[in-house]
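Let me begin by presenting the structure, written as structure tokens, before commenting on it.
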Amino acid sequence: MTAPRVRFAPSPTGSLHVGGARTALYNWLFARRHGGAFILRIEDTDVERSRRELTDQILHAMRWLGLDWDEGPFFQSERGSLYREAADRLLAEDKAYRAFETPEELDAMKSAAKAIGSAFRYDGSARAIPREESDRRAASGEKFVLRLSIPNEPLVVNDAVQGRTEFPAGALDDFVLVRSDGRPLYHFTVCVDDVAMGITHVIRGVDHLPNAPKHVALFRALGAPAPVFAHLGMILGADGKKLSKRHGAAGVEEFQAQGVLPDALDNFLALLGWSPGDDKERMTLLEMVSLFSLERIGPSASRFDHEKLLWLNGQYLQEIPAARLVEMLKPFHLPNCDAVLLDRAIMLHRSRARTLVELAHALAIYGDDPRVFEPAGLKKFGGPEAAPLLRALAERLSVTEPFSHSTLEESGRALAAEKGRKLGDLAQPARLALTGVLASPPLFEMIEVLGKETTRRRLLAFADLIAREPEAH
RNA sequence: GCCGCGUUCGUCUAGCGGUUAGGACGCCGCCCUCUCAAGGCGGAGGUCACGGGUUCAAAUCCCGUACGCGGUACCA
């Protein structure tokens, strides 16, 4: 394949949603796979709804996902002259024409069509207006829109994902290219830009599939070959409805805030509609690049399975280089403690968290002593009989040298044996004393990280607590 | 209404005429074990939406039906 040129063309009317992110990802993967160009174009022709901050937000989200672009961002709002030239050319070549119907007249035609139960299609009557008359009326200031003159022949959309579909002659009406106030409309700007930018492949959501025949008609009028289309199935929420804020997170930065890693989100999104063909699931962006192809994209809609995302994220949490994990954790609330200690704690806890938020939360115990204790834990291991055991453990560990998890564990086991207890009888209350909860990394490894003083303090304090007020819990 | 697209375990998917319909998430069990994860092993879960064809043979090809989704703008 000669170097393809693809584009991602969001409109800045909202933040980057996962659907858009997946579209961007597929375009990016395709460009990288074939050594092509990935172009970013901001479709902001609807000035009422477009906002500059949202553009920045979208760019930020894309960078976070690792999707860098080769050209752009181009803003359609700044390319007015290009569209005007194209409009003039189409008009001059009789491929488009002025239509002078007012919005009110059009509305009347629409309701008339509806009354007899048929779809409204502009009848093309303005095509018959002679050029001289059209020019004269335009010059006299009469309002008009520019409509595309669609030839009376079938239109074929070749789609790499959805297959070939043919639209019979007459299926489309002569749709509007330019508003009566001179501002160009979406279909027009898209095609003019795609031609100007030399776009070879258009990868976007199926919601655009009904637009595709309009676009092939436009490409034809513009005298350019139509690009190859690839329309992606929708991403739905868990309930099968269109994904929205109602389903919890739907925007990229919401996942970021939840502590989802960009690599995990990329990986997850890649699998929503595409598969490498074998059973491979966990892939880096680089691996995806080497495996990606349009042929392996499925046509159907898919649901966003948050559980699977969390699983994948947990996998990445375990595997990414420690330095990178520590770096990614920084925006989250972390305990105030020695950095080396914290790094070791992170290594201990990383396999137990599914998000950075969960990890940061678990790390809190390396800062402050636990103030609350899991009720179920108190019930099971908070009886007063545990107090002397914990005190004994505190003493024993205090004199254990070196203060490393293996020798600490030997001490702990020896103590349990001396008391005729199982290690768990000692370890469980100790875990509760040190962390406040019943689930944690291996006890003695945590103790090694927590240090002698902290360990002793917490064990004794907890022993006092349960000895003093056994019925309080 | 009209036009278009889709439909394989609950979910994401493999499958592109002949398979005991494979994998992953989730779920259940076992192992590991000081707990919880991770990891390992195993299990339950699919009349391949339905009905007709074509074929020796259909999840795979064709035609209908149902359901879902999208479009039907001087929005994108």
Side-chain angles (χ1 to χ4, degrees), chain A residues 9-13 43-46 48-50 76 99 101-103 106 110 113-114 116-121 143-147 157 159 161-163 165 167-168 171-173 175-181 183-187 189-190 205-213 231 233-234 236 238 240-242 268 271-282 295-296 298-312 314-315 317-318 349-354 362 377 381 409 412-413 416 422-428 430-432 435 437-444:
Chain A
S11 63
T13 54
E43 311 218 318
D44 55 354
T45 49
D46 186 344
E48 289 83 18
R49 295 198 300 152
S50 299
Q76 292 192 321
E101 288 83 1
T102 64
L106 254 15
K110 279 174 199 170
K114 196 171 183 181
I116 60 168
S118 71
F120 165 74
R121 290 223 297 274
K143 289 278 185 202
F144 63 88
V145 296
L146 191 70
R147 286 183 183 272
V157 176
D159 191 298
V161 172
Q162 307 286 343
T165 54
F167 295 78
L172 264 48
D173 71 350
F175 59 93
V176 177
L177 265 22
V178 181
R179 295 176 169 100
S180 55
D181 64 2
R183 289 150 61 208
L185 254 5
Y186 168 75
H187 298 301
T189 57
V190 163
V206 260
D207 47 332
H208 286 288
L209 185 55
N211 296 330
H231 287 98
M234 290 274 118
L236 309 172
K241 304 289 183 202
K242 195 170 173 180
F268 179 74
L271 260 15
L272 235 44
W274 172 77
S275 94
D278 53 16
D279 291 328
K280 197 169 178 57
E281 295 238 307
R282 283 157 53 193
E295 291 68 41
R296 300 215 53 85
S300 53
S302 46
R303 301 189 189 204
F304 195 95
D305 184 355
H306 199 71
E307 280 299 316
K308 185 158 182 175
L309 204 216
L310 291 180
W311 166 75
L312 246 188
Q315 299 286 311
L317 245 25
Q318 285 186 68
H349 286 265
R350 63 191 298 185
S351 73
R352 266 155 274 257
R354 298 195 300 176
F381 305 107
E409 181 165 348
R413 285 186 185 279
K422 288 184 294 185
L423 183 58
D425 297 335
L426 210 56
Q428 284 301 76
R431 188 187 317 281
L432 195 58
T435 68
V437 294
L438 284 178
S440 84
L443 183 68
F444 298 101

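Below, chain A is the first sequence line, B the second, and so on; all start at residue 1.
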If pairing means Watson-Crick or G-U wobble with both distances under 3.5 Å, then the partner of B:rA38 is none
Sequence neighbours excluded, the answer for side chain to side chain contact (heavy atoms under 4.5 Å, CB included) partners of A:Ala238 is none
- Query: With a non-hydrogen cut-off below 4.0 angstrom, is A:Thr13 in contact with a base, only sugar-phosphate, or nothing?
  - Reply: nothing
- Query: Between B:rG15 and B:rU20, how far is it from one C1' atom to the other, in whole Å?
  - Reply: 15 Å
- Just to confirm, is there a sub-4.0 Å distance from OP1 or OP2 of B:rA76 to any side-chain nitrogen or oxygen of A:Arg183? no
Every protein N/O lying under 3.5 Å from an N/O of nucleotides 31-34 of chain B:
residue, atom, partner, partner atom, Å
B:rC34, OP1, A:Arg413, NH1, 3.3
B:rC34, OP1, A:Arg413, NH2, 2.4
B:rC34, O2, A:Arg431, NH2, 2.3
B:rC34, N3, A:Leu443, N, 3.1

Using atom names, set out every protein N or O paired with an N or O of nucleotides 65-71 of chain B below 3.5 Å, distance rounded to 0.1 Å.
residue, atom, partner, partner atom, Å
B:rG70, O2', A:Asp207, O, 3.3

Sugar-phosphate, base or nothing in reach of A:Gly205, heavy atoms under 4.0 Å: nothing
Would you measure the distance from the P atom in B:rC3 across to the matching atom in B:rA73 and give it in whole Å? 15 Å
| query | Base, sugar-phosphate, or nothing: which does A:Leu185 touch, judged by heavy atoms less than 4.0 Å apart? | reply | sugar-phosphate
- prompt: When all nucleic acid strands are considered with a 4.0 Å heavy-atom cut-off, which category describes A:Lys422: base, sugar-phosphate, or nothing?
  reply: nothing
Distances under 3.5 Å between nitrogen or oxygen atoms of protein and nucleotides 17-21 of chain B:
none

The nucleotide from B:rA24, B:rC12, B:rA14 with an atom nearest the side chain of A:Glu281 is B:rA24
- Distance, P atom - from B:rU19 to B:rC34, rounded to whole angstrom: 49 Å
In Watson-Crick or G-U wobble terms, with both distances under 3.5 Å, the base opposite B:rU55 is none
Residues passing the side chain to side chain contact (heavy atoms under 4.5 Å, CB included) test with A:Pro299, sequence neighbours excluded, are A:Val161, A:Gln162
Q) So what does A:Val176 hit on the nucleic acid, given a heavy-atom distance under 4.0 Å: a base, only sugar-phosphate, or nothing? A) sugar-phosphate
(request) In whole angstrom, give me the gap between the C1' atoms of B:rG10 and B:rG26. (result) 8 Å
Task: Gap in Å between the two P atoms, one belonging to B:rU35 and one to B:rC30, rounded - done: 14 Å
Of A:Arg352 and A:Asp279, the one whose nearest nucleotide on RNA chain B sits closer to the 5' end is A:Asp279
Sorted by chain and residue number, the salt bridge (charged side-chain N to carboxylate O under 4.0 Å, His left out) partners of A:Glu281 (sequence neighbours excluded) come out as A:Lys308
Separation of B:rG10 atom C1' from A:His306 atom NE2, nearest Å, is 17 Å
Within the structure shown, what part of the strands sits under 4.0 Å from A:Ser275 by heavy-atom distance: base, sugar-phosphate, or nothing? sugar-phosphate
Using the P atom in both, what is the distance from B:rC67 to B:rC74, to the nearest Å?
31 Å
Paired to B:rA44 by Watson-Crick or G-U wobble criteria (both distances under 3.5 Å) is none
Distance col, row A:Leu146:CG vs A:Leu185:CG, nearest 0.5 angstrom, shows 10.5 Å
Sorted by chain and residue number, the salt bridge (charged side-chain N to carboxylate O under 4.0 Å, His left out) partners of A:Arg413 (sequence neighbours excluded) come out as A:Glu409
*When we call it a touch if two heavy atoms are under 4.0 Å apart, what does A:Glu101 touch: a base, just sugar-phosphate, or nothing?*
base
query: So does A:Ser351 reach the base of B:rA38 with its side chain, donor to acceptor, closer than 3.5 Å?
result: no
As its Watson-Crick or G-U partner within any shown strand, both distances under 3.5 Å, B:rG68 has B:rC5
Result for 5'-nearest mapping on RNA chain B, choosing between A:Ala439 and A:Ser11, is A:Ala439
pair_partner(B:rG26), Watson-Crick or wobble, both distances < 3.5 Å, evaluates to none
*For B:rC74, take OP1 and OP2 only and decide whether either is under 4.0 Å from a side-chain N or O of A:Lys110.*
yes
In Watson-Crick or G-U wobble terms, with both distances under 3.5 Å, the base opposite B:rU33 is none
Please confirm whether the shortest side-chain N or O distance from A:Ser50 to OP1 or OP2 of B:rA76 is below 4.0 Å. no
Heavy atoms under 4.0 Å, any strand shown: does A:Gly163 hit a base, just sugar-phosphate, or nothing? nothing
Query raised in the report: Would you say A:Gln76 reaches B:rC75's phosphate, i.e. side-chain N/O to OP1/OP2 under 4.0 Å?
Result: no
(message) When you measure from the side-chain N and O atoms of A:Ser440 to the phosphate of B:rA37, is any distance below 4.0 Å, counting only OP1 and OP2?
(response) no
query = Base, sugar-phosphate, or nothing for A:His187, non-hydrogen atoms under 4.0 angstrom?
reply = base
Gap in Å between the two P atoms, one belonging to B:rU60 and one to B:rA21, rounded: 14 Å
Taken in chain and number order and not counting sequence neighbours, the residues that satisfy salt bridge (charged side-chain N to carboxylate O under 4.0 Å, His left out) with A:Arg350 are none
Sorted by chain and number, sequence neighbours left out, side chain to side chain donor-acceptor pair (under 3.5 Å) with A:Ser440 holds for A:Arg431
inquiry  = Please confirm whether the shortest side-chain N or O distance from A:Arg179 to OP1 or OP2 of B:rC75 is below 4.0 Å.
reply    = yes
For A:Asp278, the salt bridge (charged side-chain N to carboxylate O under 4.0 Å, His left out) test, sequence neighbours excluded, returns none
Across all chains, not counting sequence neighbours, the side chain to side chain contact (heavy atoms under 4.5 Å, CB included) partners of A:Glu101 are A:Ala99, A:Glu105, A:Leu106, A:Tyr122, A:Ser125, A:Ala126
Residues passing the side chain to side chain contact (heavy atoms under 4.5 Å, CB included) test with A:Val437, sequence neighbours excluded, are A:Glu374, A:Thr435
* To do: Look only at the side chain of A:Asp159 and the backbone of A:His231, and say whether a donor-acceptor pair between them is shorter than 3.5 Å.
  => yes
What distance, rounded to whole Å, do you find between the two P atoms, one in B:rG23 and one in B:rG40?
-> 14 Å
